[in-house]
Amino acid sequence: MTTTSVDHSPPAAPPADPGPRRPGPGVGAGAGALNLLNGGFMLAWALITTLPLLWAIVSSFKTNTEFLSDPWGLPATLRFDNFVRAWSTANIGQYFVNSVIVVLISVPLTMLLGAMAAYVLARYDFPGNRAVYFGFVGGMIFPVFLALVPLFFVVRNLQNVPLFGEFLGLNSYLSLALVYAAFSLPFTVFFLTAFFRTQPTSIAEAAIMDGCSHFGLFFRVMLPMAKPGLISIGLFNVLGHWNQYILPVVLMNDPEKKVLAQGLASLAISQGYRGDWTALFAGLVIALLPVLIVYILFQKQVQAGLTAGVLK
Amino acid sequence: MTKISSEWSRRNFLRGALATGTLVLPGSSVLIGCATSGGGQEQTEGEATEDNPLGVPTDATLEVYIFNGGFGDAYATDVHQPMYKEKYPNAKIDHNAEVDIAGALQSRFVAGNPPDFVNDSGDGQIPLGQLVSDKQLYDLTDMYDAPSWDDPSVKVRDTLVPGAVESGVFGDAPYVMHMALTVYGLWYNKTLFDENGWTAPTTWDEMTALCGEIKKAGIAPWTYQGVHARYMNWPLLTMAAKLGGPEILTAIDNLEPGAWGHEAVRESANALASLKKNGYILQGTEGMDHIQAQGAWSEGKAAFLPCGSWLESEQADVTPENFEIAFMPEPLLSQDSAMPAETLRAQAGEPYIVPAQAKNPRGGLEYMRVMLSQEGARGFTEKVSSLTVVKGAADGIELPPGLTSAQQGLQAAGDDVLTWMYPTWYKDMENPGINSHTGELMAGRISVDEWVAGCEAEAKKVREDDSITKYTR
Amino acid sequence: MSVTDVTPRSDARSTPRRPRPGPALQHGKAGFVLAFLAVPVAVYGLFVLSPYVQAIYISLTDWSGLTASQTFIGFDNYVRLFDDDQFWVALKNNVILMLVVPVVTLALGLFFASMINVGRRGRSGIEGVRGSKVYRIVYFFPLVLSMAVIGVLFKYVFAPTEAGGIFNGLLGLVGLDGLAQPWLGDPRFAFWCVVVVMIWAFVGFYVVLFSAAMQSIPKDIYEAALLDGSSRFTTFRHVTLPLVWDTVQVGWVYMAIQAMDGFALVHIMLGISGGPSRAGDVLGVALYRSAFNSYRFGYASAIGVVLLVLTLIISVLFMRAARRERVEL
């Protein structure tokens, strides 16, 4: 469809519906209609994205009968007790805390291990450097499913480790965090290696000249300089770990140790949730609202963090 | 920590090192097994006397694992363990409540040092069939043949309802003790029925007529657990057996070719499939799951629902005030049926096992005998609100209305109790296998002939798979 | 300005080489390198590499996980797998996820991204449609949610009206009552519900991804196209698409790999058996079921190996396609 020549109607442009002609400079009438149509598409998708979420939020304040009989209506009164039931009776509170604990361990661990490996791989020449690098990066294309069965047994057998065994094994926060970290390493290393390479060598040399050790150089000079990269990949890992499903399903069977996404799903699909839908939806809201709020507050960083993966 | 330092040894170190090294590789687990002992731990046994028929070592420790799920573990700590301790004051009970049985115990089975008594249940259940075929379970025959706790002249097996011992038989011997008794049938809201002057139908013709009336009243006559359509398989097989006799269930369990094509089974399938054709099933049922369908039933959207007697406690939180849950056995398909109208399906469940390599297996057996005593069973019913396999143990106990009506149904049935085993023996055959065919049948997407063919194919698949251990009864 | 100059690309191929360390950095290097690599490599080796290697061995045994020993049975598990109709159902669904989901998601992503960035021809020239900023935020919502949470949500969206679902009701609102179905209870539709949800979940990601790429295309190019009289579609075809093509390709591989994992959605929306008539099964769920429900660890590992092969095939195909593309350009 043309925009400059308003006189001949564009051939083969089905959505061009000649509306009221208000030709502006370089703007055709067909264009106006098309703007409208496109705007409509955009709005429709926005609705498709938000409606289910809004519905979940509204439903979480209803009674079970309201939920069943009037899916579109607003609740007669706001049932905050749904949230109480979800938090305590349905154990969502415990799941929430579990998720927080695991992520608090796993993300710093991932960042530290990832940065250490990436830094060495990016900036030090040594035999086997390439092999180690590709060993890490190759992990990105391996499906996690292939590892599930042996992983289950590796983690289970960790309970036999002298001294540390009682903190490890199945149903252990530390084990799960270690597994998260391990499976996040390929991408983290890949991303941070690229990042460390871009940093100027001169500063590193100067620091060493000043008597900085290799360790000091890393912790006092290089890490602070890599902050933007660390933030991006950190956000990526926080969301990835917070939202993990398959790993905890396999490694955390104890109902007291389930993480939020997993606990919510098991409420929804399996053992006797007792048809208490609105408490389930309250749980759903507890799971989705905090992340949505964090996202809205930091949307630029989060978007950058999540897409950085593919752009890098 | 302290435990580790006292048990510290080269062997532990080796085991730990092997475990931490990447190692679950079959070869390494062999090594771990070897490192612990020559194979299994040493078993202790006491002398069998009249007072101690199972030969329990009276001063040995008994290590007990109870699944800490819906039933909790109070029935063990408050009822059974005091009874055991009273009889053997020198024995020590090492009680463990565990939510993830496989997570806690699987490695101990592999290593050959399992506990003495396990309630193998819940999400983390170690599959019983697998334990049997890996020779990990202790034969319970001695326990069932021992004199009962309350009356030495009666064997334990004779104090139980029909089918209770058989439910734990795998091949040649009983390996699993099932304590809870689940009664299966149809459930309805008695208040609603009384208000409308409806009575529970005893024949299928009455059922069809009543469905018409219920529909006129603006309620869907039936619903079932939707995508978990095997719930509908229960009335299907029960009605078939009531019509054609319990032998047809034996044939199905024994994977006999043509068992699913028996005339009575077809007739029963036809009857239930007609519910859909007549519009007697709650709209959308086939797209629901059990939570959704049972919830809709509790909300009064449908009148009849097939389920087991756990339904009442499962729905407790969402059952409205004036909703009186009531039980009825499935109606008879024909006047000249092989079994009376009161016949129902009752299945023993909640599995308890004694590991073959336990240190104190006789103590484990004795603990089972304690559970199966009148006092032990009453305590179980009181603590967990479930019937037990022990005859008469629930008499006179105050139970919630649904369970009361189920117990009355059970009493009325007498010895006409049906049970079938194939879902226990061949888990995958029932679900997803039969489950999906029955789902198609109930949704009206396939004919009865196609359903029969599908079920026969599932049976054939198990029959011809050499890697599956077969059982018969 | 030449086209290559504006390509917003900084993927692996163009990352800078490792800087040559000067002599100062050589001092005391070995100990440091070892110290820094030891823990990450150990953790990675223990939890990631060793399971992958072991899985391949376990797939050649009949291990149930309950015994200390197991029999080496060669390729029996694979033979059994290829004889299993259910495996083919799951494999077919995985292939659908790999092909259909990326095509639709990337197409929608490209469309919305071009709308947001260059979708409107207003008085001041090329700009995004009204509300672009809000759309960019809103479209991304599903990306921050767990797939498990999304699965639970849509299990109820697609539920029958009688169980509180809203999708059939929505169809009614727009006059399409006739299309109402027990979506998750019908083998013809159940899996496609999962496909739709996956697309719903990922479109926003590509909107943001492609937006970033498009924003680095100078507006002058569009102004020039405008003056030339090219239509929006022509502009998109000849200006936008070539400039973001690299990103599209990378995005495709990423999406195909993401889509391999339908586990959370299928497990939650359709159940462990893969839904009605098991028609919505995927390999991930089949693996999980065989391993942790049926304790057939050898068989499950064989499914894992098939998944690996599938992933490798996609990666190789796309890498080759991408290379040919560059040669042609």
The ring pair (Phe, Tyr, Trp, His ring centres under 6.0 Å) partner of C:Phe36 among A:Phe196, A:Phe218, A:Phe126, A:Tyr124 is A:Phe218
With A:Pro143 as reference, evaluate C:Leu307, C:Val306, C:Val305, C:Val309 under the side chain to side chain contact (heavy atoms under 4.5 Å, CB included) test and give the passing residue. C:Leu307
Report which part of [X] has an atom under 4.5 Å of a heavy atom belonging to chain A: side chain, backbone, both, or neither.
X        : result
C:Ile272 : neither
C:Ser301 : both
C:Leu310 : neither
C:Phe140 : both
C:Tyr156 : both

Beyond-backbone contact of [X] with [Y], side-chain heavy atoms, under 4.5 angstrom:
X        : Y        : result
A:Leu288 : C:Phe141 : no
C:Tyr57  : A:Pro150 : no
C:Val157 : A:Trp55  : yes
A:Asn243 : C:Leu145 : no
A:Pro52  : C:Phe154 : yes
A:Phe145 : C:Ile303 : no

Part of [X] within contact of chain C (heavy atom distance under 4.5 Å):
X        : value
A:Phe136 : both
A:Trp72  : side chain
A:Leu239 : side chain
A:Ala46  : both

Parallel, tilted or perpendicular: rings of [Y] and [X] (30°, 60°):
X        : Y        : value
A:Tyr245 : C:Phe263 : tilted
A:Trp45  : C:Phe112 : tilted
C:Phe111 : A:Phe41  : perpendicular
C:Phe297 : A:Phe153 : perpendicular
A:Phe215 : C:Phe32  : perpendicular

For a quick check under 3.5 Å, do C:Arg136 and A:Gln303 share a side-chain donor-acceptor pair by atom type? yes
When you measure from the side chain of A:Tyr295 to the backbone of C:Leu143, do you find a donor-acceptor pair of N or O atoms at a distance under 3.5 Å? no
Any donor-acceptor pair under 3.5 Å linking the side chain of C:Tyr139 with the backbone of A:Met42? yes
Centroid separation under 6.0 Å, is that true for the rings of A:Phe183 and C:Phe47? no
Quick one: are the ring centres of A:Phe152 and C:Phe292 less than 6.0 Å apart? yes
Using a cut-off of under 4.5 Å on heavy-atom pairs, state which of C:Val43, C:Val152, C:Leu153 scores highest against chain A. C:Leu153
Under 4.5 Å, counting heavy-atom pairs only, tell me which of C:Leu308, C:Leu49, C:Thr311, C:Leu312 racks up the most with chain A. C:Leu308
Could you have a look at [options] and say which one has the most heavy-atom pairs with chain C under 4.5 angstrom?
options                                : answer
A:Leu51, A:Val189, A:Val302, A:Val250  : A:Val250
A:Ile246, A:Ile296, A:Thr193, A:Leu112 : A:Ile246
A:Ala207, A:Gly135, A:Gly114, A:Ala56  : A:Gly135
A:Leu148, A:Val294, A:Ile141, A:Val144 : A:Ile141

Separation between CG (C:Leu287) and CG (A:Leu146), nearest 0.5 Å, reads 8.0 Å
